[in-house]
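Contents: one structure, followed by commentary.
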Amino acid sequence: MNSLVIDLFMCGVAYVILIYFVATMTKNAIRRGNSNNDDGDGGIENMTPPKIDLPPGVIWPSDVPKKSRPLEPVDC
């Protein structure tokens, strides 16, 4: 046999063994029921958006001051 054929055969056997071990390990995790939608990062959930520090003179459109009364036209 050619050494290439022997190498390909050995790689195939190693691949099958690797897939077998991965399948048996994940089967145990699925059977235990670890589907509680926990992403595992821990801590307290904070759903508020971050406070962005804007340069002086720049304001958000939602923070525009409200006009108390409309301006009256000026007669010239």
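Values in this document were obtained by computation on a predicted structure and should not be read as measured data.
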Across all chains, not counting sequence neighbours, the side chain to side chain contact (heavy atoms under 4.5 Å, CB included) partners of V13 are F9, I17

Could you please spell out the steps behind the side chain to side chain contact (heavy atoms under 4.5 Å, CB included) verdict for V64 and I59? CA-CA 7 Å; V64 174; I59 59 172; 4.2 Å; yes

Linking I/L/V/M/F/W/Y whenever their side-chain heavy atoms sit closer than 4.5 Å, directly or via other members, would L4 and M10 fall into one cluster?
-> no

